Amino acid sequence: MAAFTVHLDENTQPAATHALVIGVGRYAHLAGGTAPTTHPGATGLRQLSSPPRSARAFATWLIDQYHDPARPLGSLALLLSEESPAPFVHPHTHAEQLAQPATIDNIVAAVKEWKDRGDHDEARLVFYFCGHGVSLGLDTSLLAADVFADEDSPLNGALNFEALRRGLNRCRAGQQVFFVDSCRSGSDTLVSQVGTDTVGRVPVSGNIRPEGFVPRGEAAVAGGGRIRHRGALKDRSREPSALRSACARPRPGGPRGLRGAAPRATRRPGPGAGAP
């Protein structure tokens, strides 16, 4: 089993679902962290308690209750940064595994592995992030646990989410679903202090879907509060239509909300929205 995966079906066929789940609550260089920065761009950014819990719950739900015979769960990678790290307990095997921390280097490596596992026409990719995020015009940066490690360019410790979405055009997976539950408190201050020249790391670059790839069906759900996966997706755990209908037809030019799947999390709030 790869370093980041907490669930891996060794008999996975090309038609499978591959998930990457990230929860960042403990930030080493924010106030209250192990090495807080004095950079003015960090003003207003704080430690978060709910993202690791939400990520654990979502990962557990996917393993335990996500049932799609057409694309069963083939793998799940989990990255967590939390105040008191504890093993993730697999709901079926009860095996315990300590998730790797959600540093930017680990996130980049995990994204590459996830993309490679799902590089099949029939595959479905599921991406989930919960933690601090920054709005930069049309772009969004997702802050890794070690953001501000580089005080000269703090967003080197962030993931450029919009570039990732565009880059995954170069992944053959015909269905790609993204859940982003990010707290944008402090976003304005960070942007005003560091600018927008660097908006985060890009693990997979690209833009146009290569000729010969199946059309990409894409869906995105974003919110400033917890994604209501328990009430939104859990009800459909034995009816994969929620994810399937969201990805059934490609949408050129950008994502759409998961209609009927997560109605409380389809609004993208502006800077200063409530914390997760």
Side-chain angles (χ1 to χ4, degrees), residues 19-27 30 44-63 65-66 76-83 88 99 101-102 104 106-107 110-111 114 125-136 138-145 147 157-162 164-165 168 176-187 190 199-200 218-236 242-243 246 254-276:
L20 172 57
V21 179
I22 303 169
V24 191
R26 189 66 173 171
Y27 287 86
L30 299 186
L45 295 172
R46 57 185 179 82
Q47 305 296 327
L48 303 173
S49 59
S50 67
R53 295 199 301 267
S54 295
R56 284 177 178 273
F58 192 70
T60 298
W61 177 85
L62 281 170
I63 296 171
Q65 298 190 47
Y66 170 79
L76 188 148
L78 179 65
L79 299 175
L80 297 173
S81 287
E82 49 197 342
E83 184 173 3
F88 175 79
I104 189 59
N106 281 349
I107 290 174
V111 165
W114 168 68
L125 293 180
V126 175
F127 176 91
Y128 176 98
F129 176 91
C130 191
H132 276 299
V134 176
S135 294
L136 302 161
L138 297 177
D139 289 327
T140 298
S141 290
L142 307 178
L143 307 190
V147 67
L159 177 70
N160 185 329
F161 174 64
E162 299 302 332
L164 172 64
R165 274 190 43 247
L168 285 171
Q176 301 179 15
V177 186
F178 304 89
F179 296 90
V180 175
D181 187 10
S182 60
C183 170
R184 295 184 177 88
S185 177
S187 174
L190 178 56
V199 295
E218 183 186 16
V221 178
R226 294 181 185 175
I227 288 179
R228 309 295 183 180
H229 55 83
R230 288 187 175 274
L233 295 179
K234 190 175 181 180
D235 291 344
R236 298 171 176 82
L243 288 177
R256 64 179 178 276
L258 277 171
R259 293 181 182 176
R264 299 184 185 180
T266 53
R267 178 180 61 85
R268 185 189 294 267

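Only this structure's heavy atoms are used, side chains among them; waters, hydrogens and symmetry mates stay out. Note that the coordinates shown come from a computational prediction; the quantities given were computed from them, not determined experimentally.
- A search for side chain to side chain contact (heavy atoms under 4.5 Å, CB included) contacts involving V147 returns Y27, L143, not counting sequence neighbours.
- The minimum heavy-atom distance linking S81 with P52 is given by the pair O-CG, 3.3 Å.
- For the residue pair N106 and P101, the shortest heavy atom distance occurs at ND2-O, 2.8 Å.
- Pairing each heavy atom of A55 with each of L78, the nearest pair is O-CD1, 4.3 Å.
- A110 approaches L79 most closely through the heavy-atom pair CB-CD1, 3.9 Å.
- Side-chain contact between I63 and F88: present, with at least one pair of heavy atoms (C-beta onward) separated by less than 4.5 Å.
- Side chains of F129 and V24 form a contact here, defined as non-hydrogen atoms less than 4.5 Å apart.
- F127 places none of its side-chain heavy atoms less than 4.5 Å from the side chain of Q176.
- Here the shortest heavy-atom pairing between I104 and A144 reads N-CB, 3.5 Å.
- Remark: side-chain polar atoms of H132 are not paired, donor with acceptor, to backbone N or O of Q47 under 3.5 angstrom.
- To the nearest 0.5 Å, atoms CG (N160) and OG (S141) are separated by 5.5 Å.
- The distance from the CD1 atom of I107 to the CG atom of L20 is 8.0 Å, given to the nearest 0.5 Å.
- Interatomic distance, CG of L125 versus CG of L168, reported as 6.5 Å (0.5 Å rounding).
- Listed here is the closest heavy atom pair of S54 and Y128: CB-OH, 3.3 Å.
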